[in-house]
**Student:** 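This is the structure I have questions about; it appears just below.
These figures come from a predicted structure and were not determined experimentally.
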Amino acid sequence: MQPMSSQPFEITQRPGALATVQILAVKGPITFTTAPKFQEALAGTNAPRVIVDLTETPSLDSMAVGTLVRAYVSCQKGGRKLVLVGLNYRVKNILQITGVDPLFEIYPSITEAQAAVV
């Protein structure tokens, strides 16, 4: 039996259109093994507005949901804003099933998210 192929996991950070915006683009599934890297990237940004681009994230597991919730709480306590972008049906469904989707502002594109977080 061949091992399951896993998609590579990568996080890139870049500034947004405004100096107050930081964009974290996630590529690959966020799972038990990749969630710590995701959490580290989220903790490493201190911009007032954080956009997490999940356009290239096919799925999340419970570790990822927990990481997103912790990031949301941390941003709220610090007077910062965290928004999500580019959720596919599967990712959106996981957030809905776990009941955390109302915590997040969700936008279809980075452009729309940047316009909303000004």
**Student:** Quick one: does Val65's side chain get under 4.5 Å of Ile94's, heavy atoms only?
**Tutor:**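 Sidechains of Ile94 and Val65: in contact.
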**Student:** How close do Ala71 and Leu42 get, counting heavy atoms only, and between which atoms?
**Tutor:**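 The pair with the smallest heavy-atom distance is CB-CD1, 3.7 Å.
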**Student:** Counting N and O atoms only, with roles assigned by atom type, does the side chain of Asp61 sit under 3.5 Å from a partner on the main chain of Ala64, one being a donor and the other an acceptor?
**Tutor:**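 Present.
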**Student:** Please report the interatomic distance CD(Gln114) to OG(Ser109), rounded to the nearest 0.5 Å.
**Tutor:**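 Going from the CD atom of Gln114 to the OG atom of Ser109 covers 9.0 Å.
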**Student:** Under a single-linkage definition using a 4.5 Å side-chain heavy-atom cutoff for Ile, Leu, Val, Met, Phe, Trp and Tyr, are Val21 and Val26 assigned to the same hydrophobic cluster?
**Tutor:**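 Unlinked, Val21 and Val26 end up in two clusters.
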**Student:** Just jot down the side-chain hydrogen bond (donor to acceptor under 3.5 Å, both in side chains) partners of Thr55, sequence neighbours excluded, or say none.
**Tutor:**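 For Thr55, the residues satisfying side-chain hydrogen bond (donor to acceptor under 3.5 Å, both in side chains) (neighbours in sequence not counted) are Asp53.
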**Student:** Which atom pair, heavy atoms only, marks the closest approach of Pro29 to Phe9?
**Tutor:**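 That closest heavy-atom pairing would be O-CD1, 3.2 Å.
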**Student:** Starting at CZ of Arg70, measure out to SG of Cys75 and round the result to the nearest 0.5 Å.
**Tutor:**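 Reported to 0.5 Å precision, the distance equals 13.0 Å.
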**Student:** Write down the atom of Gly99, the atom of Pro102, and the distance for their closest heavy-atom approach.
**Tutor:**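 Closest approach of Gly99 to Pro102: O-CD, 3.5 Å.
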**Student:** Would you say Arg49's side chain and Val117's backbone share a donor-acceptor pair under 3.5 angstrom?
**Tutor:**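 Looks like yes, one N/O pair under 3.5 Å.
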**Student:** Between Val83 and Phe104, is any pair of side-chain heavy atoms under 4.5 Å apart?
**Tutor:**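 No; the side chains remain at least 4.5 Å from each other.
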**Student:** Looking at NZ of Lys37 and CD1 of Ile30, how far apart are the two atoms once the value is rounded to the nearest 0.5 Å?
**Tutor:**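 It comes to 11.5 Å.
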**Student:** Within the 4.5 Å heavy-atom criterion, are Leu68 and Leu60 side-chain neighbours or not?
**Tutor:**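 Yes, close enough: below the 4.5 Å cut-off.
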**Student:** What's the spacing between Arg90 CZ and Thr57 OG1 if we round to 0.5 Å?
**Tutor:**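 That separation rounds to 12.0 Å.
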**Student:** What residues form a side-chain hydrogen bond (donor to acceptor under 3.5 Å, both in side chains) with Glu56, not counting sequence neighbours?
**Tutor:**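 By the side-chain hydrogen bond (donor to acceptor under 3.5 Å, both in side chains) rule, Glu56 matches no residue at all.
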**Student:** Are Val85 and Val91 in one and the same hydrophobic cluster, where Ile, Leu, Val, Met, Phe, Trp and Tyr link if side-chain heavy atoms are under 4.5 Å apart?
**Tutor:**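 As far as the 4.5 Å side-chain criterion goes, Val91 and Val85 are not connected within one cluster.
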**Student:** Which pair of heavy atoms, one from Thr45 and one from Arg80, lies closest together, and at what distance?
**Tutor:**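 Reported closest heavy-atom pair: O-NH2, 2.8 Å.
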**Student:** Check whether any side-chain heavy atom of Ile110 sits under 4.5 Å from a side-chain heavy atom of Arg14, and report yes or no.
**Tutor:**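 Side chain of Ile110 against side chain of Arg14, heavy atoms only: contact under 4.5 Å found.
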**Student:** Let me check something: do Phe38 and Ile23 share a hydrophobic cluster, defined by ILVMFWY side-chain heavy atoms less than 4.5 Å apart, either directly or through other members?
**Tutor:**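 Different clusters: Phe38 never reaches Ile23 through Ile, Leu, Val, Met, Phe, Trp or Tyr contacts under 4.5 Å.
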**Student:** Report the distance from atom NZ of Lys92 to atom CG of Leu84, rounding to the nearest 0.5 Å.
**Tutor:**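 If we round to the nearest 0.5 Å, Lys92:NZ and Leu84:CG are 11.0 Å apart.
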**Student:** Specify the closest pair of heavy atoms between Ala47 and Gln22, including all atoms of both residues, with the distance to one decimal.
**Tutor:**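 That would be CB-CB, 3.5 Å.
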**Student:** What's the spacing between Leu103 CG and Leu82 CG if we round to 0.5 Å?
**Tutor:**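 So the gap between those two atoms works out to 10.0 Å.
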**Student:** Begin with the C-alpha distance, continue with both residues' side-chain angles, and end with the deciding distance and a verdict on side-chain hydrogen bond (donor to acceptor under 3.5 Å, both in side chains) for Thr31 and Thr33.
**Tutor:** CA-CA 5 Å; Thr31 64; Thr33 56; 3.1 Å; yes
**Student:** Treating Ile, Leu, Val, Met, Phe, Trp and Tyr as nodes and any side-chain heavy-atom pair under 4.5 angstrom as an edge, say whether Ile106 and Val73 lie in one connected cluster.
**Tutor:**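 Yes, Ile106 connects to Val73 through the hydrophobic network.
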**Student:** Is the shortest side-chain heavy-atom distance between Ile11 and Lys27 below 4.5 Å?
**Tutor:**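 No; the side chains remain at least 4.5 Å from each other.
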**Student:** Is the shortest heavy-atom distance from the side chain of Pro36 to the side chain of Glu40 under 4.5 Å?
**Tutor:**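 Side-chain contact under 4.5 Å: no.
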**Student:** Treating Ile, Leu, Val, Met, Phe, Trp and Tyr as nodes and any side-chain heavy-atom pair under 4.5 angstrom as an edge, say whether Leu24 and Tyr107 lie in one connected cluster.
**Tutor:**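 Leu24 does not cluster with Tyr107.
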